[in-house]
Q: 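Here it is: the structure, laid out below.
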Amino acid sequence: MARARALAAAFWSLMALASLAGCGSGASPSSTPYALQARLGTYDDGSGRVGLAALATLRDGAGAGPATPWSAWLTDPAGTLASAEYAGSGPGSYASWWWPGIAVQDGAAYALHVDGGSGALQASLTGSTAGGLALPAPVLAADASRIDWAPVPGAAAYACRVYTAGALQLDAASATPGCDLSTLPPGGYQASVLAFSANVAAIAANTSQRPALPDRFDVSEARLGVVRTDGTTAPQQLLAAGGAFDFGQTQRGLAVWVSLRKADGSATDRAWTVSIVGPGIPSASPVTFQYPASMPRQMNWSYDVPATPGTYTMTATSGTTAVSTTFAVGSPASIAFVVDPSATPGTAGSAQMTWSTVAGARAYLVEVWDHAAGVRAQSMWVPAPPAKFPDGTFTSGRTYDVYVAATDAGMSGATTPTQVAVSEYPSPFTSFVE
């Protein structure tokens, strides 16, 4: 019997690809008084695709950047890869960028170009996929007054950026982990924690024309939604990861893991309406689903919405409170199907299902559908077979179909995945009569 399934989880993303690092050197001859330096590196948001990051200084003999922004663009031998703006004026000028969707190759030639209208400069660069930074693991304080994280190996500096409806509310940079949110008024926020392999504050403090730059510039980023309150209700946080769902078709469907929980880590005490927009999901027609109170986490997937690589925005609304986060979908690896479930009906409406484990699976969803009515009768997440349904679950004399899905994401505990894969064969492999 064919089934339709609604998407129930959250997306949040920034896309990424293979990355590069390299030394940037000298500029092409020009009448401009400025000198250009550049470095390249990786950008990683955990989606499985690693993008490109760049750091540049453009300074005159006094160590100052141009008073007005210059155009900047990155090229490879085939043409322009990305455009940007160098807007670092005054002493200690620098600029940094990252492009999640640019694929690069080891040893390939790249160039960063800048042009202020009175003269163009160019820095030559070489691609490298070596290096990179692990993602920060942000932890929200129980009163939502801070975000903290452990030091990231190789990181020289951090930034914490907090937004409301796309508007920057807080931009804090430091050489040590931690971000103070206590000055933010009650409301929903989208927070981003970044780690950098270069201490850009130290580079800014060096006002020479050619400050020493590291060999490469790597960036990693983690995100979460934060709800700060006036103390009469519990602060909340929104966490999400995206990925792909395999169901026996060429096109992979969109899969989403989402957790709405209190800042202290316990399950949310509110019911939420969640909406998702992103590649192929316009804001005028978002994917929506309900997230019940007391649920620690959800995983759902879609047969109809493709797992298009890119950045997705998830917004959760409860009453007058709205909180957002983003997540990225890259190219998550597939996980094999469960192909041999079996069901044993018990007494008094009980039943037990078992199957062979799937390599890489951390959880399984067992769904039991009423064959005649075509509706889901019961479901259960388990970390491993078997799944045991207690007395009174099923009705005597009725036929039930069993589906078992596998995922590489944990569905218990506090760990947040960065990308997910889910598989479910499109037909039931077993049925039973209670």
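Any value given below was found using the heavy atoms of this structure, including those in side chains, with hydrogens, waters and symmetry copies removed.
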Q: Determine whether the side chains of T288 and S275 contain a donor N or O and an acceptor N or O closer than 3.5 Å.
A: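 No, S275 and T288 have no side-chain donor paired with an acceptor closer than 3.5 Å.
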Q: Tell me whether D264 is salt-bridged to K262, with the criterion being a basic N under 4.0 Å from an acidic carboxylate O.
A: no
Q: Measure from the side-chain N and O atoms of Q37 to the backbone N and O of P211, and report whether any donor-acceptor pair falls under 3.5 Å.
A: yes
Q: For E221 and S192: C-alpha separation, side-chain torsions, deciding distance, then whether side chain to side chain donor-acceptor pair (under 3.5 Å) applies.
A: CA-CA 7 Å; E221 183 175 14; S192 175; 2.3 Å; yes
Q: R261 and Q237: side-chain contact (heavy atoms from CB on, under 4.5 Å), yes or no, with the steps?
A: CA-CA 6 Å; R261 51 180 94 153; Q237 58 184 316; 3.6 Å; yes
Q: Is any side-chain heavy atom of F289 closer than 4.5 Å to one of V258?
A: yes
Q: If you define the side chain from C-beta out and look only at heavy atoms, does anything of V162 sit under 4.5 Å from V226?
A: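 The answer is no, as the side chains (C-beta and beyond) never meet within the 4.5 Å cut-off.
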Q: Looking only at heavy atoms, which two atoms of I335 and V422 are closest? And how far apart?
A: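 Scanning both residues, the minimum pair turns out to be CG2-C, 3.9 Å.
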Q: Under 4.5 Å between any side-chain heavy atoms of Y364 and V358, yes or no?
A: yes
Q: What's the spacing between L184 CG and Q169 CD if we round to 0.5 Å?
A: 7.0 Å
Q: Tell me whether D106 contacts the main-chain N or O of T129 through its side chain, where contact means a donor paired with an acceptor under 3.5 Å.
A: yes
Q: If I take atom CZ from residue R39 and atom CG from residue D215, how far apart are they, to the nearest 0.5 angstrom?
A: 7.0 Å
Q: Report yes or no: does S220 contribute a side-chain atom to a donor-acceptor pair with the main-chain N or O of A134 at less than 3.5 Å?
A: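 Yes, the answer is positive, given that a donor and an acceptor are paired below the 3.5 Å cut-off.
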Q: Give, for atom CG of D304 and atom CG of L254, the distance between the pair rounded to the nearest 0.5 Å.
A: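 D304 CG to L254 CG: 11.5 Å, rounded to 0.5 Å.
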Q: Which heavy-atom pair separates A234 from D269 by the least distance, and what is that distance?
A: CB-OD2, 4.4 Å
Q: Working to the nearest 0.5 Å, report the span between CD1 of I276 and OG of S302.
A: 10.0 Å
Q: Could you check whether Y86 and S93, counting side-chain N and O atoms only, form a donor-acceptor pair closer than 3.5 Å?
A: yes
Q: Is it true that a side-chain atom of R59 and a backbone atom of S208 form a donor plus acceptor pair closer than 3.5 Å?
A: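 A pair under 3.5 Å: yes.
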Q: Quick one: do L133 and D44 satisfy side-chain contact (heavy atoms from CB on, under 4.5 Å)? Show the steps, please.
A: CA-CA 7 Å; L133 294 175; D44 192 355; over 6 Å; no
Q: For P186, is there any backbone N or O sitting under 3.5 Å from a side-chain donor or acceptor partner on T229?
A: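 Looks like no, no N/O pair under 3.5 Å.
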Q: What are the two closest heavy atoms between A322 and T315, and how far apart are they?
A: CB-CG2, 4.4 Å
Q: Aromatic contact between F247 and W301, with the criterion being ring centroids under 6.0 Å apart: yes or no?
A: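 No; W301 has its ring centre 6.0 Å or more from that of F247.
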Q: Does L168 form a side-chain contact (heavy atoms from CB on, under 4.5 Å) with R161? I'd like the steps, not just the answer.
A: CA-CA 7 Å; L168 185 64; R161 298 174 181 173; 4.0 Å; yes
Q: Please check: side-chain N/O of R252 versus main-chain N/O of A307, any donor-acceptor pairing under 3.5 Å?
A: no
Q: Please lay out, stage by stage, how W355 and V366 fare under the test side-chain contact (heavy atoms from CB on, under 4.5 Å).
A: CA-CA 10 Å; W355 58 92; V366 180; 3.4 Å; yes
Q: When the ring planes of F217 and W98 are compared, do they come out parallel, tilted or perpendicular, using 30° and 60° as the limits?
A: tilted
Q: Can you tell me how far the CD atom of Q209 sits from the CG atom of D60, to the nearest 0.5 Å?
A: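 Q209 CD to D60 CG: 6.5 Å, rounded to 0.5 Å.
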Q: Do side-chain atoms of R216 reach the backbone of G41 as a donor and acceptor pair under 3.5 angstrom?
A: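 Such a contact is absent between R216 side chain and G41 backbone.
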Q: Any side-chain to backbone donor/acceptor pair from R376 onto E367? Under 3.5 Å, distance only.
A: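 No, because the side chain of R376 does not come within donor-acceptor range (under 3.5 Å) of the backbone of E367.
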Q: Does L194 reach the side chain of V219, with side-chain heavy atoms less than 4.5 Å apart?
A: yes
Q: Taking the side chain as every heavy atom from C-beta outward, state whether L170 and C179 have any pair of such atoms under 4.5 Å apart.
A: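 L170 reaches C179 side chain to side chain.
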Q: Sub-3.5 Å donor-acceptor pair from the side chain of Y291 to the main-chain atoms of L260, do we have one?
A: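 Indeed, once roles are kept as given, a pair shorter than 3.5 Å links the two residues.
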Q: Nearest 0.5 Å, what's the CH2-OG1 distance between W272 and T317?
A: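 Answer for the CH2-OG1 pair, W272 versus T317, is 8.0 Å.
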Q: Would you say that M353 contacts V404 through its side chain, given a criterion of any heavy-atom pair below 4.5 Å between the two side chains?
A: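 Counting from C-beta outward, M353 and V404 never come under 4.5 Å.
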Q: Minimum heavy-atom separation for N206 and A212, please, with both atom names.
A: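 Looks like ND2-N, 4.2 Å.
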Q: Between the side chains of T268 and Q236, does any donor sit under 3.5 Å from an acceptor?
A: yes
Q: Quick check: closest heavy atoms across A316 and L238, and the distance to 0.1 Å?
A: CB-CD2, 4.3 Å
Q: Do L213 and I203 have side chains that approach each other closer than 4.5 Å (heavy atoms only, starting at C-beta)?
A: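 When only atoms from C-beta onward are counted, I203 and L213 do touch, with a gap below 4.5 Å.
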Q: Answer yes or no: is there a side-chain heavy-atom contact under 4.5 Å between T416 and S259?
A: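 No, too far: nothing below the 4.5 Å cut-off.
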Q: Checking the side chain of D408 only, and the main-chain atoms of A421 only, is there a donor and an acceptor separated by less than 3.5 Å?
A: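 Yes, because the side chain of D408 sits within donor-acceptor range (under 3.5 Å) of the backbone of A421.
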Q: Can you list, pair by pair, the side-chain donor-acceptor contacts under 3.5 Å of residues 70-84, counting residues two or more places apart and other chains?
A:
{"unit_1": "T75", "atom_1": "OG1", "unit_2": "H113", "atom_2": "NE2", "d": "2.8"}
{"unit_1": "D76", "atom_1": "OD1", "unit_2": "A78", "atom_2": "N", "d": "2.9"}
{"unit_1": "D76", "atom_1": "OD1", "unit_2": "G79", "atom_2": "N", "d": "3.2"}

Q: Identify the two heavy atoms, one from G310 and one from P279, that lie closest to each other, and give their separation to 0.1 Å.
A: CA-CG, 3.9 Å
